[in-house]
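These notes are about the structure you will find just below.
In this text, all values refer to a predicted model and were calculated from it rather than measured experimentally. Residue numbering restarts at 1 for every chain, and letters A, B, ... go by the order of the sequence lines.
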2 protein chains.
Amino acid sequence: MQPRSRTTIRDVARQAGVSVATVSKVLNNRYGVAAATYAHVQKVISELGYEASLVAQSLRNHQTNVIGILVADLEPFSTELLKGAADAIRGTGFELVIYSAGGRTGEHEGWERRYLSRLSGTLIDGAVLVTPTIVDVDYGSPFVAVDPHTGTSTTPTIDADNLRGAHLATEHLLELGHTRIAMLTGRHDLQSSRLREQGYRQALRKAQLSIDEELILPGEYNSGPSRDSARRMLSMSDPPTAIFAANDISAITTMAVADELGLGVPDDLSVVGFDNIPEAALSSPGLTTVEQPIREMGKRSVEMLIELIRGRSLQETHLTLDTRLLVRGSTSAPKSSISNGARRDS
Amino acid sequence: MQPRSRTTIRDVARQAGVSVATVSKVLNNRYGVAAATYAHVQKVISELGYEASLVAQSLRNHQTNVIGILVADLEPFSTELLKGAADAIRGTGFELVIYSAGGRTGEHEGWERRYLSRLSGTLIDGAVLVTPTIVDVDYGSPFVAVDPHTGTSTTPTIDADNLRGAHLATEHLLELGHTRIAMLTGRHDLQSSRLREQGYRQALRKAQLSIDEELILPGEYNSGPSRDSARRMLSMSDPPTAIFAANDISAITTMAVADELGLGVPDDLSVVGFDNIPEAALSSPGLTTVEQPIREMGKRSVEMLIELIRGRSLQETHLTLDTRLLVRGSTSAPKSSISNGARRDS
DNA sequence: ATGAAAGCGCTAACAT
DNA sequence: ATGTTAGCGCTTTCAT
C-alpha cells in the first residue's frame, strides 16, 4: 500500500537504465548528456513523480536558495511583515520558510540562536530575524534583524522611526488641547518600546508640561497588561483625557476598556496607537495611529538579505523607515479644554 | 572575520580530542561514554556554540520531529489556523515550519505537490495542507488536509460544517423578514465555497422563495471581485435588502461598498459573513457571521497528523467541526418589511 | 569506553 | 557521453 520510502535519484537511475550521475546532470541541466538520454530520463522522472530531496541537496551544495524568516509569534505585526517578505521573494528565485517560536520566547533568551545554528549553512542561505533578542552573534550565514532588542550594532537592521512617530502622536494630542496625556508603554526589552516612550517624554517636555509618572503604565504590547493599566488610569480621581498606547493592540484594548467604563471615544477620551495594523482601520471609531510601513519593512529586509547572500555589500546597514501620523476618529479636543482654557493661551 | 563555515561535529571532536562518534553519543545521550568524557565534550560544545545540523540529521535519521504546514497565502484565515497549529505543537516535541506559496497557487495547480515531494521523508515527518488542490496523491509521508478542493477521498481531512453554517446564515436573514437575499459566492474550486452556496440555496428553497440567479454573484473570497459584485448588486433597480457573503473578507468589503453608496448597515442593508476572523468583531457595525472554529481546526489537524506520524490509526479520518451563527450589529429587519408585510404573516 | 567505517541522497571532479 | 567515486554532517553498527 504505502511505498516503503520516497523515490530517490537511484530509483530514477535504475528505472532509466543510467547512472545516478547522469540523472543528476539532467536535473541540473548540465552539459554532457545526449539529447535522447536527456529526454528519456526526463520521462522517467515525471513518471515517477520524482523531486530531488531538498535536504540532500542542501547538504551537498552550499547554496540552497531558501531563506528563513524567524518570528517570535504570529501576531498582526509579524503577520503583516511576513506578507511583505512573501511579496518581495517573488521572482527572486528564492523560497521562503517561516519559523515561529510560538510565543515561547520568554522562556529562552536567545531563542533564535538555536534555530539559526541548526539551519544556517545548510538548509537556508540566510535569515530575517524579527525582534531578535541577540544580534551580535556570528550565526555562520548572513542575517538581517527587524526591530531588534538592542540598538547599535554592526548587524544589518531595519526599523521604523519610533522616536519621531511617538513624538508626532504626542504632539497631535497636545495640539488638540490635551494636557493630561497618559502613556501605555511597550515591552521594555525592545528598542522600539524604549524609543516610543522617549518620544512621548520629549514631546511633553518640549511643550513645557511636567511629566506625571503615574500616567506612565505598562502595556507590554499586549492585551492583558494593557487592560489592567487602562482600567487603572481611567479609574483615577483625575484621569487622563488622552492616552498614547505604544502599539495598536494596546490602543484597541484601551478603547474597549473605555467603553466598558461608559466613556466615549473620542468625546471623553482620545486614544492614539502605533503600528497601523489592519485592525486599526476597522475598530470603531477608527484608531488614530502612527503608521509603520510594516510590509515595506518585510520587503526591504528580504531585499537586504538577498544582497548579503549574493555577497554584495549593503548601501546602508541600518535602515530606518519613516513613520507618519494617521488621524482617524479616536482623537478629538478634550471636552474640558474649554473649561481650563489651557489651549487658548498657547 | 567570517569563520569559513559553520561549526561541525568534527570541529567539536577535534577540539575535545575525541572521535566524532563519541560526540554524537553525547549529543544524543547514548550510553557508553565515561562521565568525565561526557562532561568535557559538553563543555566544548557549549564553548563552540555548536548545534547539530538539522539537515544532516534529517538525512541520516528518518525521523526529524519537524512537521510542515503549507498554506497558499497568508490571509486572516490561514493565519488564524497557523496560530491554532502553533498552540497544538507546544509540548509535543515537534517543531513547526511554515511554507507559504505566496498566493501563486493560481499559476500551478498542485503547487503543494512540489513542496511536499522535496521535503517529505527527509526534512519533515508529515504535513498539514491548507486548501490543497490535489489530495489523492501519495506524498510518501503522512499528511492532513484542511478545507480541500475536492470532497470525498480517503485522505484525512478537517473542515467545518459549511453547509449547515450557510443554512443558518440564510435562515437568520429570512427570520428577520428579508426576502430579497443576495449571495456573494466564494472560490468555486474549493469545496467549502460550493457547500456554502448550496446551504444558501437550500434555505431559500425551504422557505419557498424562488431563487433569483441575478442575486448570486462571485466574490472569490477576495476583496476585489467582492467589491465589483457588491457594487453591481446594490446598484440594481430592485436591490437586495440583505447579502450573505461567502466569507468575512467579502462581507467587510460589502459593508464598505454600502457605506460608499450612502447605504446604512443594517438599516438599509443587512450583511452576514462567514469565518469569524478577528476583523469581523472589529468592523463597524460588528459583523454578523458564521463562526468557524479556525484555530481549533489548526489544532486538530496537528493532533491528527502527529497520530499518523506515530503510526496510530485515526478514530475518524474526516472531521467536520461545528459552525454557529454569531449575531452582531450588521443584520436587522428590513425597513421595507413593514410595507410588504411579509414577515407579519408567517 | 572509544573509534573506524559505512551510508542517508545528492553533486562534481575525475575517469573512461 | 556516461560512469565511478568522494564527500557534505551526521548516526550507528561493529571492532577494538
Side-chain angles (χ1 to χ4, degrees), chain A residues 3-41 44-45 48 50-66 117-125 140-141, chain B residues 3-41 44-45 48 50-66 117-125 140-141:
Chain A
R4 282 275 43 82
S5 66
R6 56 173 285 128
T7 312
T8 75
I9 196 170
R10 298 177 59 155
D11 300 325
V12 176
R14 193 179 315 119
Q15 181 80 11
V18 297
S19 73
V20 294
T22 302
V23 177
S24 175
K25 281 171 194 155
V26 171
L27 285 172
N28 298 286
N29 289 305
R30 293 280 175 280
Y31 293 110
V33 183
T37 315
Y38 195 95
H40 179 229
V41 172
V44 173
I45 286 174
L48 264 44
Y50 169 77
E51 290 275 355
S53 158
L54 214 208
V55 166
Q57 285 185 321
S58 298
L59 191 58
R60 183 61 237 244
N61 301 338
H62 270 206
Q63 175 93 354
T64 64
N65 291 324
V66 176
S117 299
R118 279 170 70 79
L119 301 167
S120 70
T122 39
L123 223 210
I124 57 178
D125 294 341
S141 53
Chain B
R4 282 272 48 81
S5 66
R6 57 172 286 128
T7 311
T8 77
I9 197 171
R10 298 177 58 157
D11 300 326
V12 176
R14 193 179 315 120
Q15 181 80 12
V18 298
S19 73
V20 294
T22 302
V23 177
S24 176
K25 281 169 195 155
V26 171
L27 284 172
N28 298 285
N29 289 305
R30 293 282 176 278
Y31 293 110
V33 182
T37 316
Y38 195 95
H40 179 229
V41 172
V44 173
I45 287 174
L48 264 46
Y50 169 76
E51 290 276 354
S53 157
L54 214 209
V55 165
Q57 284 185 321
S58 299
L59 191 59
R60 183 61 236 245
N61 301 337
H62 268 204
Q63 174 94 353
T64 64
N65 292 325
V66 175
S117 300
R118 281 170 68 78
L119 301 168
S120 70
T122 40
L123 221 212
I124 58 178
D125 294 341
S141 54

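Looking at heavy-atom distances under 4.0 Å, A:Ser53 makes contact with sugar-phosphate atoms alone, never a base. Residue contacts shown for B:Ser58 are absent, as no nucleic acid heavy atom lies under 4.0 Å away. Across all strands, B:Ala34 comes closer than 4.0 Å only to sugar-phosphate atoms, never to a base (heavy-atom distances). Base contact: A:Ser24 has a heavy atom under 4.0 Å from a base atom. Across all strands, B:Tyr31 comes closer than 4.0 Å to no nucleic acid atom at all (heavy-atom distances).
Counting heavy atoms from C-beta on, the side chains of A:Val23 and A:Val26 never come closer than 4.5 Å. Residues B:Gln63 and B:Asp125 form a side-chain contact, since some pair of their non-hydrogen atoms from C-beta on lies under 4.5 Å apart.
Across C:dG3, C:dC10, C:dC8, the shortest atom-to-atom separation from the side chain of B:Val18 is found for C:dG3. Distances from the side chain of A:Ala52 to the nucleotides D:dC10, D:dG3, C:dC10 place C:dC10 closest.
Rounded to an integer number of Å, the gap from A:Ile9 CD1 to D:dG3 C1' is 13 Å. C:dG9 atom C1' lies 13 Å from atom CZ of A:Arg14, rounded to whole Å. One interatomic measurement links the two molecules: CG of A:Asp11 to P of C:dC8, which rounds to 12 Å at whole-angstrom precision. D:dG9 atom P lies 15 Å from atom CG of B:Leu54, rounded to whole Å. The interatomic distance linking B:Lys25 (NZ) with D:dC14 (P) rounds to 13 Å, in whole Å. For B:His62 and C:dG7, the NE2 to C1' distance is 10 Å, given to the nearest whole Å. To the nearest angstrom, C1' of D:dC14 lies 16 Å from CZ of B:Arg30. Atom-to-atom, NE2 of A:His40 to P of D:dA1 comes out at 18 Å; the value is rounded to the nearest Å.
Contact annotation: A:Tyr50 side-chain N/O to C:dC10 OP1/OP2 distance is under 4.0 Å. For B:Thr37, a side-chain nitrogen or oxygen approaches OP1 or OP2 of C:dT2 to under 4.0 Å. Considering only side-chain N and O atoms, B:Thr22 lies under 4.0 angstrom from the phosphate OP1 or OP2 of C:dG3.
Judged by closest nucleotide on DNA chain C, B:Ala35 is the one of B:Ala56 and B:Ala35 placed further toward the 5' end. Along DNA chain D, the nucleotide nearest B:Arg10 and the nucleotide nearest B:Asn28 are compared for position; the residue whose nucleotide lies closer to the 5' end is B:Arg10. For the pair A:Ala21 and A:Leu59, both in contact range of DNA chain D, the more 5′-proximal nearest nucleotide belongs to A:Ala21.
In plain terms, the two heavy atoms of B:Ser19 and B:Ala13 that are nearest each other are C-CB, 3.8 Å. Between A:Thr22 and A:Thr37, the closest heavy-atom pair is CG2-CG2, 4.1 Å.
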Original post:
Could you walk me through whether B:Leu27 and B:Ile9 pass the side chain to side chain contact (heavy atoms under 4.5 Å, CB included) check?
Top reply: CA-CA 10 Å; B:Leu27 284 172; B:Ile9 197 171; 4.1 Å; yes

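Side-chain atoms of A:Arg6 come within 3.5 Å of backbone atoms of A:Glu51 as a donor-acceptor pair (strictly under, hydrogens ignored).
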